Each structure stands twice: as structure tokens, then as C-alpha cells.
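Here's the structure, in C-alpha cells; my notes come after.
As the structure is a prediction and not an experimental result, all values here were calculated from the model. Quick note: numbers below take in every heavy atom, side chains included, and nothing from hydrogens, waters or symmetry partners.
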Amino acid sequence: NTDATNALPASTVFDAVRTKPDTSYNQLGFTIGGPIRKNRLFYFGDYQYTRDILGKVYRGVVPTAEFRQGDFSAAPTKVYDPATGDAAGAGRTQFAGNRIPANRISPIALALLEHIPLPNLSGVALGQVNYQMNGQRDKFGHSFDTKITGVLNDSNTVSWRLSYQRPEVTEVPAQGYGDWGGPYSDQFFATGTNSTYSTAVNWTRTFSNTLLMDTRGGVSYYHNIARHTAWGKKLAEEVGISGINLDDWSSGPPRINIGNGFSSPALGYSNSLPWDRYERTWEVASTLTKLWGNHTIKFGADWRHNTDMLLQTQDNQGPRGGYTFGAAMTALPTDSSSQSGMANAFAAFLLDRPGGIARDLKVIDEPGTKHWSFFTFVHDKWQLSKKVTLDLGLRWEYYDPFVGIEGKGSLSNYDPTTNTLRVTGYGDYPDDLGVKKDLKTFNPRLGVSYRIDEKTVVRAGYGASTTPFP
């Protein structure tokens, strides 16, 4: 337990008001184990709880009250009217007094500004940090392990184990922004969970003092979900932007990027949010070990089935899309200073003149793959002499081609002969896209060790492996 572990406040020595965001760390747990039945049945378990609160300080550049009203009279650059001049911007005229008339300011821009806080640091030059607030990251976690082992007789031992953990991390929304994201903490104002479990059964069979079999089977699984704090809220519609909040996946505000010195995005979340990922692997494996003279010979087989899914639409400003406002829309091509002016970029925002718009759309709900694989091997550790040991092995691997979880539209592959994409379920393309199966993946293993003396051993080896899905 380390409550209030930070001796120094997270605010800086330059702040007129020094406040310390909450920071604490607590962890507790226990283990327990022992016999259920003497010499026959045993148990073990453990549990751990973690509570980790990390205080932060966010500092950024937000638009001033004058800028929000379209008053750029104190700005060092001229602001030009994009409604004048030609399509390339030539011939534009400057707004009178470097002020945008109130009836020209977009009502959507005004509605968005209600969710961007005003500066709270005074006496700050244009373009310098003028807003500061505390932030917080909360992390909670539960985990446990349990195992039961039973000795059936002198030849057979079985055991079962289960491990589970569920960490939950929340980046608390920055003060003043609510559920509208903002430029701080990499825009990851969200709650993420990762439920993970692994369970298996193991059977050890002793046939004789020279023959042993070990067989196991189990499953491992995790499900990682991250959802921003505006999940399920149609915030874009609330400010008059239609066509964005189509479902929960696209809920929340779009990204509003205002360039040339403002902390960006002014509103919105990371492109990566939300995401939904899970992976499940089933496995059954067995190894037979035989001691034969100066040989230790092992035979084994391993079967696995894997399902791997990731839903994340993040390449073009995410599922809520984004608007980028730069200076060019309110600048003059021959006025170089206006091309990089803060006032010009913000004026473009007020006039609803983005320089770029982008968005990602979800096509299917469970993009991902599933496949099964099978491996066998034989290995001989041969003690040639007290000084020389050889390791000889051969492994065979088979990987069934990927298929999509949802089937139609789940996978695609580029066909260079026709310069087109092959998409599963469309035309005559099968679920595995016709990928050829390879049954010749034999991988030799060779090793040698030489004992020079009781303190020095020299080893060398060679091995080949298969890349299943190049």
C-alpha cells in the first residue's frame, strides 16, 4: 500500500496555483495450498487485487475568447475571406479589421466551441500554453490461479489448473472537455478491459522406469475491449453534424484538427478507439519418452485450433471521421505569413472550411481468421561418451490455410495477373482463397555438445523452421 507515494506535486514550479492530482497505489493478495487427501489429492490457489491511481497534469493551447468571436485584430497575420478571389485563393480580400462578421461564423463551430475550455492561464503570448488541468488514469485488476493435483496410483497423476485475470484501465476525461475527448493523453480517454483465462488438464502416465507419457489439453483466451467515454452518445448529431453517428461503433464526436499551433485535436478521440479483439487457442499435445541405453528418445504430437479477431477502423481518422482545418483556406498565396498563421487556421474552422475530411467505415463485425495446425516430432539425445552428446531430431508441421471468421468478405488477396482483389465469397473464390496446402514441411534439428572439462562445454547446433503464413 503506497497511498500518496509522490512527494512532489505534479504541477510545475511556474504555476501560480499548485494543485496535486490524486495518486495512489494499493495491492493485496494471498496464496493458499495443501493436501485435501494425504498423499493423494492436493490444491493450490492465489489471488491478487491491484488499485493504481495515477495523477497527471495536462497543458495545452486553446483558442482565446477573442478568436472564438472571430476577432483576429491582435493577430500578427492577415485573415482573408475565402468567399472572395478564385478557386486557388488568388485575389482574396482581407476581412475588414481582421474580424469575421458574426453572421458568417458557422453555428456548428460555435456549438463545438462550447466543449473546448477557455484559457485559464493569463499573460500568455499567442501560441503558448494557456490552459492547464489535472488528469487521472485509473487501473484496477483482479487475478487468480488455482490448481488441483491428484495422484491416482504409482503410475498415474492428473492435474487441472485455471488462471484468470481482468485488468481494467480508464483514462478519465480531461477537466473542461467532458465526453468530447481532446488533445491530451494521446486522446485515449477511454475504458479498456482485458479478460483473460487459461485452463488445462494434464495426465502423466509412468509405464515403467524407462517409459513415460505426458498428455495435456486446454484452452487459452483473451478478450480486449476499449471504448471511449462517449460510447453510445450521438454527440456529432447534437452539434448538427449528421451522418456520423450511425451506431455505437461510430458514436461520439468527430476529430476536429486545427493546425498551426493549437493543441490537436481540439476535440475528438484517438483514431484507434474503439477496438474489440479476442483470441482463442485450443490445444491437445502428448509426448512419449523412452530411455534406451545411452539414448533418450522422445516422440510427440500437438494439435491446435486458433481463432483471432480484431475489429479496429483507424487508418483515416477513425469511425467517427475527422475534419482538418489549416491556414490555406483563409490565406493568400502571395502572403507567406498567412499560410502558417494560427489565426488563419482558426478562421477556417469558424467558417467551416476544412482542408481535409476523412473517415473509416466498418464493413463486417468480426474481421479475423481461424485455422488449425498439427505437429509431430521425434528427438534422440544420444550420449556418445562422457564428453560428447548428440541431439538428432525431425519435426513435421502442417498449417491449414486461413479462413475468415465471418466467411463472405472476410479475407482478400491481391491477384497481380489481373490487378484485382480476390475476396472470399464473391465470384468463385472459396473461403481459403485457394491457398495451397503444404504437406512437405519437414524440419531437421541437429546439436552437439563437447565437455572439455568440468567447467567448460562447447555447443553447436542447426535447426530449420517453417514460416506458416508468409
Side-chain angles (χ1 to χ4, degrees), residues 1-30 46-62 115-117 119-121 128-145 163-196 222-233 235 252-253 255 262-277 312 314 318:
N1 182 337
T2 54
D3 272 343
T5 51
N6 288 354
L8 297 175
S11 53
T12 73
V13 297
F14 304 105
D15 301 329
V17 179
R18 293 166 61 90
T19 59
K20 180 181 176 181
D22 293 336
T23 297
S24 63
Y25 185 90
N26 304 88
Q27 190 174 69
L28 61 88
F30 65 86
D46 65 61
Y47 170 79
Q48 181 172 287
Y49 169 74
T50 302
R51 176 182 179 271
D52 183 2
I53 308 298
L54 177 64
K56 300 181 177 184
V57 172
Y58 301 132
R59 295 166 62 84
V61 180
V62 297
H115 305 285
I116 302 175
N120 61 4
L121 300 178
Q128 301 302 308
V129 171
N130 60 5
Y131 185 71
Q132 176 176 301
M133 85 297 293
N134 288 342
Q136 182 173 307
R137 189 267 293 137
D138 299 342
K139 181 187 293 185
F140 303 93
H142 299 271
S143 64
F144 70 83
D145 302 284
S163 297
Y164 174 83
Q165 63 174 337
R166 188 184 185 277
E168 178 176 313
V169 181
T170 297
E171 197 74 39
V172 179
Q175 297 172 10
Y177 286 85
D179 291 329
W180 288 78
Y184 315 104
S185 194
D186 296 323
Q187 311 101 57
F188 272 91
F189 297 107
T191 294
T193 59
N194 191 8
S195 299
T196 305
Y222 74 84
H223 193 180
N224 178 212
I225 299 174
R227 293 176 175 175
H228 53 74
T229 56
W231 177 265
K233 299 179 180 180
L235 300 187
R255 287 172 61 90
F262 291 101
S263 296
S264 189
L267 292 173
Y269 295 89
S270 168
N271 297 352
S272 301
L273 291 168
W275 70 72
D276 186 353
R277 178 164 196 172
Q312 189 174 37
Q314 63 174 343

Give a yes or no on whether the backbone of A226 and the side-chain of R277 come within a donor-acceptor separation of less than 3.5 Å. no

Considering only heavy atoms from C-beta outward, does the side chain of P21 approach that of K56 to under 4.5 Å? no

Decide if the gap between the ring center of Y184 and the ring center of Y177 is smaller than 6.0 angstrom. yes

Identify, with sequence neighbours excluded, every residue that meets ring-ring contact (aromatic ring centres under 6.0 Å, His included) alongside F188. none

Could you pull out all residues at least two apart from N271 that satisfy side chain to side chain contact (heavy atoms under 4.5 Å, CB included)? R255, Q314, Q317

Are I53 and T23 side-chain neighbours, meaning at least one heavy-atom pair lies under 4.5 Å? no

Does the pair D276/R227 count as a salt bridge with the N-to-O cut at 4.0 Å? no

Listed partners of H142 passing side chain to side chain contact (heavy atoms under 4.5 Å, CB included), at least two apart: Y47, Y49

Using the salt bridge (Lys or Arg N to Asp or Glu O under 4.0 Å) rule, collect all pairs that involve residues 172-188, keeping only residues at least two apart or in two chains. D179-K233

Could I get the full list of side chain to side chain contact (heavy atoms under 4.5 Å, CB included) partners for Q165, not counting sequence neighbours? S143, P167, T196

Partners meeting side chain to side chain contact (heavy atoms under 4.5 Å, CB included) with R166 (sequence neighbours left out): Y164, E168, T193, S195

Between Q136 and Y58, which heavy-atom pair has the shortest distance, and what is it? N-OH, 4.4 Å

